[in-house]
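Only one structure is covered here, and it is reproduced in the block below.
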Amino acid sequence: MRYLPKIICRLVNDDCVSFLTVAGDELYDLIIADPPYNIGVDYGGGAKKDRRPDYDTWCEEWIGLCRNALKPDGSIWIVSGQEHAADIDIAMRKCGLHMRNRITWQENFGVYCSRKFGRTSRPIFYATKSKTDFKFNAETVMVPSARATKYNDKRASRSGLKIMGDVWTINRVCGTFRERVKGVPTQLPFELVRRIVAVSSIPGDYIFDPFAGSGTTVVVAKEMNRSAVGVELSRKFFDIATKRLEAVGHAAP
């Protein structure tokens with residue numbers, strides 16, 4: 001029977017670059033990042049703070065520090081906006097990460113646009129520190145195979161299942177949703193984070209979120225018996241996330 005270490009989930013009010021520079025000896029099994037998209041969202045310091053002329057070099061800096069903080073068999077998942085996805089992609093490769101997938105997150109309730117196609121998807125980059133040594137819990141992402149269920153194809157797996165594809169349809173968290181946290185401009189859905197945690201970690205593992213926001217990653221980690229630390233620059237968002245984390249175990253998230 002595998003011994004599970006004591007589960008500790010915490011939040012830190014700090015800048016992720018400063019935190020990782022000082023705490024460089026901490027090694028994580030999984031990193032989940034949803035960084036600012038550089039499109040003018042107000043994360044507490046005003047919309048102008050989210051428009052960095054050095055966005056590409058900044059991404060390379062924090063992604064490089066994340067790579068160094070991963071265990072040898074660790075994985076990193078980064079959610080991005082469409083506008084600067086190329087900066088994330090290039091930075092990850094420059095930092096020596098091995099790209100496994102570029103997931104398309106297909107959202108319902110997308111952003112309506114009048115002079116271009118509506119924005120209803122986001123890229124998610126999934127990479128590992130090692131090219132060959134990493135966790136991938138395939139049993140957590142199995143879905144019915146059309147080869148078996150629709151076509152009765154003999155080449156289908158006997159189980160009738162397959163690993164899901166690289167397009168994920170998951171609702172974004174709208175303002176009227178039950179899981180919506182007031183006071184935070186953006187928020188990852190539980191369904192998305194739970195899927196990532198399940199496939200790339202096991203109970204007892206250590207997860208890191210450099211842009212904790214409303215605290216979803218740390219909340220999910222605690223719920224799924226993983227340790228985690230989330231770093232959030234905004235004091236307001238840090239306080240909101242802390243209250244949310246404290247409520248886990250007392251009420252359903």
Side-chain angles (χ1 to χ4, degrees), residues 11-21 23 28 30-69 76-95 97 102-105 107 110-111 113 119-127 170 172-175 180-190 192-193 196 207-220 228-242 244:
L11 290 152
V12 179
N13 184 203
D14 198 358
D15 172 76
C16 68
V17 171
S18 299
F19 177 85
L20 286 167
T21 300
Y28 305 102
L30 170 63
I31 295 176
I32 302 174
D34 182 25
Y37 294 168
N38 205 38
I39 57 174
V41 175
D42 185 357
Y43 291 105
K48 290 183 179 180
K49 291 282 187 179
D50 187 38
R51 291 192 181 274
R52 304 180 61 122
D54 64 338
Y55 188 76
D56 56 343
T57 55
W58 175 71
C59 285
E60 192 172 337
E61 180 181 22
W62 68 260
I63 291 172
L65 289 168
C66 283
R67 184 218 176 262
N68 294 341
I76 181 169
W77 294 70
I78 303 178
V79 183
S80 173
Q82 295 286 3
E83 292 83 354
H84 294 276
D87 293 321
I88 299 289
D89 195 332
I90 292 170
M92 293 179 79
R93 287 185 282 127
K94 279 187 174 181
C95 293
L97 290 161
R102 293 169 177 84
I103 304 291
T104 296
W105 170 15
E107 305 170 348
V111 178
C113 300
R119 191 167 72 241
T120 59
S121 68
R122 293 185 229 180
I124 303 176
F125 300 97
Y126 159 45
I170 297 174
R172 68 183 177 92
V173 183
C174 298
R180 182 68 183 177
V181 177
K182 293 182 179 180
V184 181
T186 60
Q187 180 183 339
L188 294 180
F190 279 125
L192 177 65
V193 178
I196 293 171
I207 300 173
F208 177 63
D209 182 348
F211 307 97
S214 65
T216 299
T217 295
V218 182
V219 167
V220 168
V229 57
V231 175
E232 174 51 48
L233 180 61
S234 164
R235 181 70 201 191
K236 175 185 175 182
F237 301 160
F238 167 79
D239 289 341
I240 291 172
T242 298
R244 195 176 181 212

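Everything numeric here is computed off the predicted structure, so don't read it as measured data.
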Partners passing salt bridge (charged side-chain N to carboxylate O under 4.0 Å, His left out) against Arg102 (at least two apart in sequence or in another chain): Asp89

All salt bridge (charged side-chain N to carboxylate O under 4.0 Å, His left out) counterparts of Arg67, not counting sequence neighbours: none

Can you tell me how far the [atom1] atom of [X] sits from the [atom2] atom of [Y], to the nearest 0.5 Å?
X	Y	atom1	atom2	answer
Asn38	Ser80	CG	OG	10.0 Å
Cys59	Asp87	SG	CG	6.0 Å
Cys16	Glu61	SG	CD	8.5 Å
Asp209	Ile31	CG	CD1	9.5 Å
Glu60	Ile90	CD	CD1	9.5 Å
Thr21	Asn68	OG1	CG	10.0 Å

[Y] and [X], any side-chain heavy atoms less than 4.5 Å apart:
X	Y	value
Thr217	Phe208	no
Ile78	Tyr126	no
Asp14	Leu233	no
Val229	Leu11	no
Leu188	Val173	no
Phe125	Ile103	no
Pro210	Cys66	yes
Ile76	Ile32	no

Residues which pass ring-ring contact (aromatic ring centres under 6.0 Å, His included) with Phe238, listed by chain and number, not counting sequence neighbours: none

For Tyr55, all residues meeting ring-ring contact (aromatic ring centres under 6.0 Å, His included), sequence neighbours excluded: Trp58, His84

Main-chain N/O of Val79 paired with Arg122 side-chain donor or acceptor, under 3.5 Å: no

Exam field: side chain Asp54 to backbone Thr57, donor-acceptor pair closer than 3.5 Å: no

Within residues 232-242 or reaching into it, pairs that qualify as salt bridge (charged side-chain N to carboxylate O under 4.0 Å, His left out) - sequence neighbours excluded: Arg235-Asp239

Distance-only side-chain donor-acceptor flag, Gln82 / Ser121, under 3.5 Å: yes

Evaluation steps, side chain to side chain contact (heavy atoms under 4.5 Å, CB included), between Trp77 and Leu30: CA-CA 8 Å; Trp77 294 70; Leu30 170 63; 3.6 Å; yes

Criterion side chain to side chain contact (heavy atoms under 4.5 Å, CB included) on Val231 and Asp15, from CA distance to verdict: CA-CA 7 Å; Val231 175; Asp15 172 76; over 6 Å; no

By side chain to side chain donor-acceptor pair (under 3.5 Å) - contacts of Ser214 (at least two apart): Thr216, Arg244

Minimum-distance pair of heavy atoms, taken over all atoms of Met92 and Ala127: CE-CB, 3.6 Å

Ala241 versus Gly213, closest heavy-atom pair with distance: CB-O, 3.5 Å

Centroid-centroid under 6.0 Å between Phe211 and Phe237 rings: no

